[in-house]
Amino acid sequence: MSKQRDDVPMITSLSPAARILGPSTSATLRPLLRRGFAPRRRALALVGGALGQRAAGTSVQQTTLGGVPVEIATPPRYAGAASIVYLHGGAYVALAPRGYRRLVTRLALATGCRVVAVDYRLAPEHPYPAALEDAVAVCTAEGAERPHEKFVIAGDSAGGGLTVATAIALRDRGYELPAALICISPWVDLTCSGDSVTTRARQERILSPAGLAADARLYAGAEQLDSPTVSPLFADLSGLPPMMIQVGDDEVLLDDATRLADAARHAGVTVSLQIWPRLWHVWHLYAGLLPEADAAIRAIADFVHEPSAS
């Protein structure tokens, strides 16, 4: 796959797998995710169960880190050079590392890193700042236990927003910063004010703007939706490490990604923004089944190992 300038992948045609999985994803998930909170949570749990198969050759260990439950995916012949703390999506109200084993283990294979998937507490039972505090606890524990390794924070959707919020919290509390941030289809504006929430609503295959708005309120609890630690798009991003952002052009969260890139660059952060034409929200979950997902993960691996992310 060649690339245009500004790291925007050139896709001349979708793979046969994408032409099947895209419509089937839409037909299956859109009706379920446009219902109330409980049906949305159950639907996402079903998706996680279907995509929870680990990649051959990797190992998965369930343990705790910093007092927080985690799943650690380790590739074969792991050399101990770097680790990735992974923060899953699910609108802060659903999913868990078990449903991300397909993605996380293939990320471990592609990067050669151990990947620590955080089982952070979910709203509405545990609203803000529970998820943020859990993510900070895992990152600080990872840094303390492996002081000679670099670590990266990565996440998708809500986890992409939490990736940025966690880096901000580490910076503001005086902790070691990660070497890089990876934001996949990030949700960084819980006020849902991006134009694409409206303009991409017909193309969007998964998310419901109404569902996002409802889940945002569940997560924020008593906090304002535009609080910088709830919606890190509105935070001071200066001093953050290099950031890669990947987003599909058909997503309602497209403007979250592009505005995050603009804000980070304005703050002096090195940013690689990839807008993948004709792809949907967190297509990476189909790694091993979808060539475009495998290509996106390879791009992440390249970024993790760039000198600027060291």
Restricting to non-hydrogen atoms, name the atom on [X] and the atom on [Y] that form the minimum distance, rounded to 0.1 Å.
| X | Y | answer |
| --- | --- | --- |
| Ala264 | Met243 | CB-CE, 4.1 Å |
| Pro23 | Ala18 | CD-O, 3.9 Å |
| Val136 | Ala169 | CG2-CB, 3.8 Å |
| Val152 | Ala180 | CG1-O, 3.3 Å |
| Ala214 | Arg40 | CB-NH2, 3.9 Å |
| Ala45 | Leu95 | N-CD2, 4.3 Å |

Are [Y] and [X] connected into the same hydrophobic cluster when the rule is that any two of I, L, V, M, F, W, Y join if their side-chain heavy atoms are below 4.5 Å apart?
| X | Y | answer |
| --- | --- | --- |
| Leu225 | Leu218 | no |
| Ile245 | Val197 | no |
| Val271 | Leu254 | yes |
| Val282 | Val93 | no |
| Val60 | Val85 | no |

Phe37 atom CZ, over 12 foreign heavy atoms within 6.0 Å: yes
Please say whether more than 12 non-hydrogen atoms of neighbouring residues, nucleotides or ligands are located less than 6.0 Å from CZ in Arg98. no
Atom pair [atom1]/[atom2] of [X] and [Y] - distance to nearest 0.5 Å:
| X | Y | atom1 | atom2 | result |
| --- | --- | --- | --- | --- |
| Leu212 | Glu204 | CG | CD | 8.0 Å |
| Ser157 | Leu87 | OG | CG | 12.0 Å |
| Thr25 | His281 | OG1 | NE2 | 12.0 Å |
| Thr28 | Ile206 | OG1 | CD1 | 10.0 Å |
| Ile20 | Tyr286 | CD1 | OH | 12.0 Å |
| Leu240 | Leu181 | CG | CG | 6.0 Å |

Can you name the one residue among Arg102, Arg106, Gln246 that meets side-chain contact (heavy atoms from CB on, under 4.5 Å) with His284? Gln246
With a 4.5 Å limit on heavy-atom distance, are the side chains of [X] and [Y] in contact?
| X | Y | value |
| --- | --- | --- |
| Leu290 | Ser15 | yes |
| Ser238 | Arg171 | yes |
| His305 | Thr111 | yes |
| Tyr219 | Leu122 | no |
| Phe151 | Cys113 | no |
| Leu132 | Thr166 | yes |
| Leu109 | Pro76 | yes |

Who passes salt bridge (charged side-chain N to carboxylate O under 4.0 Å, His left out) against Arg54, sequence neighbours left out? none
Stepwise side-chain contact (heavy atoms from CB on, under 4.5 Å) check, Glu251 with Trp283: CA-CA 11 Å; Glu251 299 193 44; Trp283 69 97; 4.1 Å; yes
Judged by modelled atom types alone, do [X] and [Y] share a side-chain donor-acceptor pair under 3.5 Å?
| X | Y | value |
| --- | --- | --- |
| Tyr128 | Ser227 | no |
| Gln61 | Thr74 | no |
| Ser193 | Asp189 | yes |

Between the side chains of Glu133 and Arg173, is the shortest nitrogen-to-carboxylate-oxygen separation below 4.0 Å, so that they form an ion pair? yes
Charged N to carboxylate O under 4.0 angstrom, Arg114 versus Glu145? no
For Tyr78, the rest of its hydrophobic cluster, which grows through side-chain links under 4.5 angstrom: none
In sequence, state the C-alpha distance, the side-chain angles, and the governing distance for Arg200 and Leu253, and then conclude on side-chain contact (heavy atoms from CB on, under 4.5 Å). CA-CA 8 Å; Arg200 293 297 194 277; Leu253 295 184; over 6 Å; no
Could you check Thr163 against Ile184 for side-chain contact (heavy atoms from CB on, under 4.5 Å), going step by step and ending with a plain yes or no? CA-CA 10 Å; Thr163 292; Ile184 299 169; over 6 Å; no
Evaluate side-chain contact (heavy atoms from CB on, under 4.5 Å) for Asp156 paired with Tyr86, printing each intermediate quantity in order. CA-CA 9 Å; Asp156 67 278; Tyr86 194 89; 2.7 Å; yes
